[in-house]
Amino acid sequence: MYKNIILGLLSLPMAVAAQESLQKLEPVNFAKVSITDPFWKGRMQVVATNTLDACVLYTETKTGRIRNFEKAAAGKGEHEGIYYDDSDVYKALEAMAYSLKNHPDAETEKKADEWIRKIAAAQLPDGYLNTYYQLTDLTKRWTDMEKHEDYCAGHLIEAGIAYHNTTGKRSLLEVAIRFADHIDANFRLANRPWVSGHQEIELALMRLYHHTGARKYLELSQWFLEQRGHGLGKGKIWDEWKDPDYCQDGLPVKEQQEITGHAVRAMYMYTGAADVAAVTRDAGYMKAMHTIWEDVVYRNMYITGGIGAQGKNEGFGKDYDLPNETAYCETCASVGMVFWNQRMNMLSGESRYIDVLERSLYNAALDGLALTGDRFFYGNPLASSGQHQRREWFGTACCPSNIARLVASLGNYIYSTSSNAVWVNLYIGSEIKLPLNKQQVGLSMQTGYPWKGTTTIAITESAKQAYQLRLRIPGWLQAPVPGDLYRFSDGLPTGSVKLLLNGKEIPFTTENGYAVVERKWKKGDLLEINTPLELRKIMSHPDLKQNTGSIALQYGPMVYCVEGVDNGGKALNFIVPKDARFKVQYEAGKLGGINTIQFDANVFDVSADGQQITTTRKTMTAIPYFSWNNRGAGEMLIWLPTTVAQLKITP
Ligand code: FUB
Ligand code: ZN
């Protein structure tokens with residue numbers, strides 16, 4: 001029977017998605033983008049090896065995640081771990097799939113195929129698949145909406161699509177489709193209420209809709225969104241915690257105006273809502289998301305692009321309440337920020353969403369991954385007294401495979417297209433060849449980003465007719481982020497972009513934060529984009545009390561921090577004086593090659609008996625935030641005090 005479902009799907013019109021989609025921009029899939037970038041290529045290599053090795057080790061050997069599938073297939077055995085652990089297997093498979101595209105590797109593919117066989121063997125004949133309920137009490141399945149059955153299904157769907165895309169193998173996709181159909185039949189078609197306690201399935205179903213062209217997945221995704229905000233939730237969140245806002249269920253999605261609750265759940269849900277809106281152009285979703293996005297970025301986002309200030313709900317607290325040392329800023333939430341902001345950019349064509357995406361990507365998200373690729377941060381604080389340390393793995397292990405899948409699929413975020421334009425969103429060295437408006441476009445981008453502001457784009461295919469290149473003008477040339485949560489404190493003029501075509505400066509128009517150049521491009525044309533990188537000092541909105549009297553340093557997209565290891569073991573005992581001079585320099589041998597910032601500081605030392613303070617003028621070194629904690633634990637600070645009132649110094 002199942003084969004028939006697949007054959008049926010195959011015969012569905014694959015063009016449905018394209019016809020229906022009124023989305024402004026189309027993403028260029030990572031599989032069409034070959035990354036050559038010195039900064040990112042190394043990171044992708046490390047993910048393909050060390051990060052995936054860690055995922056395999058902890059998924060298969062050091063924890064029972066794969067054993068759970070073996071036991072479920074055998075129909076006996078005790079469930080090991082936590083009820084959402086299946087999702088980590090799926091996310092690791094998704095990361096493997098992306099990575100196989102960039103770095104083909106027979107061993108990785110063999111391991112993935114082996115896991116997929118075990119997953120498929122565990123699936124029940126009715127399509128249900130969840131090792132927790134299968135190994136505990138199947139009669140209780142679908143009774144607690146918080147128990148992540150649909151969340152795990154969502155990650156299964158994403159993995160199935162990714163693996164199909166990369167390898168052409170359908171087996172995992174088929175498992176995913178069977179589970180999606182099980183959910184559709186038992187909930188949407190059966191008119192049985194279900195409020196997902198941990199959203200994710202909405203965005204996954206939209207991916208399945210685009211992948212298969214089957215409209216029922218769009219309808220199911222929309223159905224999941226529409227379940228929210230009507231008091232239908234049942235299970236721990238609703239009955240025990242009495243906190244529907246925790247999972248964004250306090251109001252119908254279209255009526256929501258404020259960001260609430262768990263940060264990852266929120267990001268995944270709004271990504272799914274944006275995906276639905278891209279197809280349906282539902283004004284309700286678009287209006288709600290616009291308002292909520294402003295609430296996130298204008299009042300609730302860290303300078304690193306991290307979100308979710310509090311550990312107690314793994315999510316949002318009060319407006320402007322952004323503590324630094326206890327900042328939760330879960331890595332997964334930053335991955336979610338990348339997803340959501342990409343979708344908002346696709347809907348609107350506005351560069352400010354990419355500004356936020358870039359900030360989260362280069363700072364809060366990348367901080368989640370050690371330079372070696374085999375240590376991870378779950379939370380990403382903005383200050384440390386030395387208590388923070390990346391770890392090999394976590395009991396709840398959502399973050400490692402999430403950062404792995406993000407880095408491995410980086411190509412998804414660089415370019416997009418509209419009817420007659422290629423949009424360059426991120427400056428990352430890469431090559432693409434793709435069809436655009438009945439012709440073939442080929443681009444080869446080289447860049448010194450994020451350390452230098454010069455990028456060249458060489459045209460590798462001559463055009464038959466003119467088309468546009470739309471080049472994002474980084475928002476950080478004008479302001480740190482959209483809104484007034486942060487602003488430059490140094491009064492310097494804002495930077496501006498210069499474009500040179502074949503060595504000569506050219507005029508350009510600007511639209512929605514993109515420089516637009518239209519031309520009948522010839523093979524060999526060379527477009528140079530100069531985005532001046534300058535050291536900028538940032539201060540916070542006065543209501544953000546935790547940062548009163550402090551400044552942060554930014555250079556290009558990177559936020560900087562002071563780490564003890566570069567500064568005599570201390571990072572919390574100095575102030576930046578008004579007359580401090582700053583110097584930026586590239587240090588090839590440090591932390592894989594980074595720009596460091598040297599600046600003058602007044603350093604305070606307390607004698608061992610606590611009786612005396614000495615003040616010395618010293619040169620301090622700041623490093624890009626993402627690279628801290630790669631040389632052991634120690635003090636770290638992003639918001640640097642400018643007066644002694646902010647100091648907490650100890651002997
Ligand atoms: O519940 C699954 C994942 O575990 C969430 O996304 C994370 O925040 C962590 O709670
Ligand atoms: Zn996580």
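Both counts, for ligands and for their atoms, begin at 1 and track the order of listing.
- Sorted by chain and number, the protein atoms of type N, O or S within less than 2.8 Å of the Zn ion (ligand 2) are E330 OE2, C332 SG, C398 SG, C399 SG.
- Within a 6.0 Å radius of NZ in K118, other residues, nucleotides and ligands contribute more than 12 heavy atoms.
- Annotation: side chain of Y133 is in contact with side chain of K140 (closest heavy-atom distance under 4.5 Å).
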Determine all donor-acceptor pairs shorter than 3.5 Å in which one atom belongs to a side chain in residues 316-324; sequence neighbours excluded.
residue: D319; atom: OD1; partner: N300; partner atom: ND2; Å: 3.0
residue: D321; atom: OD1; partner: Q546; partner atom: NE2; Å: 2.6
residue: N324; atom: ND2; partner: N547; partner atom: OD1; Å: 2.9

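- Ligand 1 is surrounded by Y84, H148, Y151, H198, H262, V264, R265, E314, E330, Y378, T396, C398, each with at least one heavy atom closer than 4.0 Å.
- With D184 contributing its side chain and L220 its backbone, the two residues share no donor-acceptor pair below 3.5 Å.
- Relative orientation of the Y151 and H148 rings is perpendicular, given thresholds of 30° and 60° on the angle between their planes.
- A donor-acceptor contact under 3.5 angstrom links the side chains of Y83 and E146, judged on distance only.
- Relative orientation of the Y328 and Y378 rings is perpendicular, given thresholds of 30° and 60° on the angle between their planes.
- Atom CD1 of I307 is separated from atom CD of E330 by 9.5 Å, given to the nearest 0.5 angstrom.
- Within the structure, every pair that satisfies the ring pair (Phe, Tyr, Trp, His ring centres under 6.0 Å) test and touches residues 240-271, not counting sequence neighbours, is listed here: H198-H262, W241-Y246, Y246-H262, Y270-W340.
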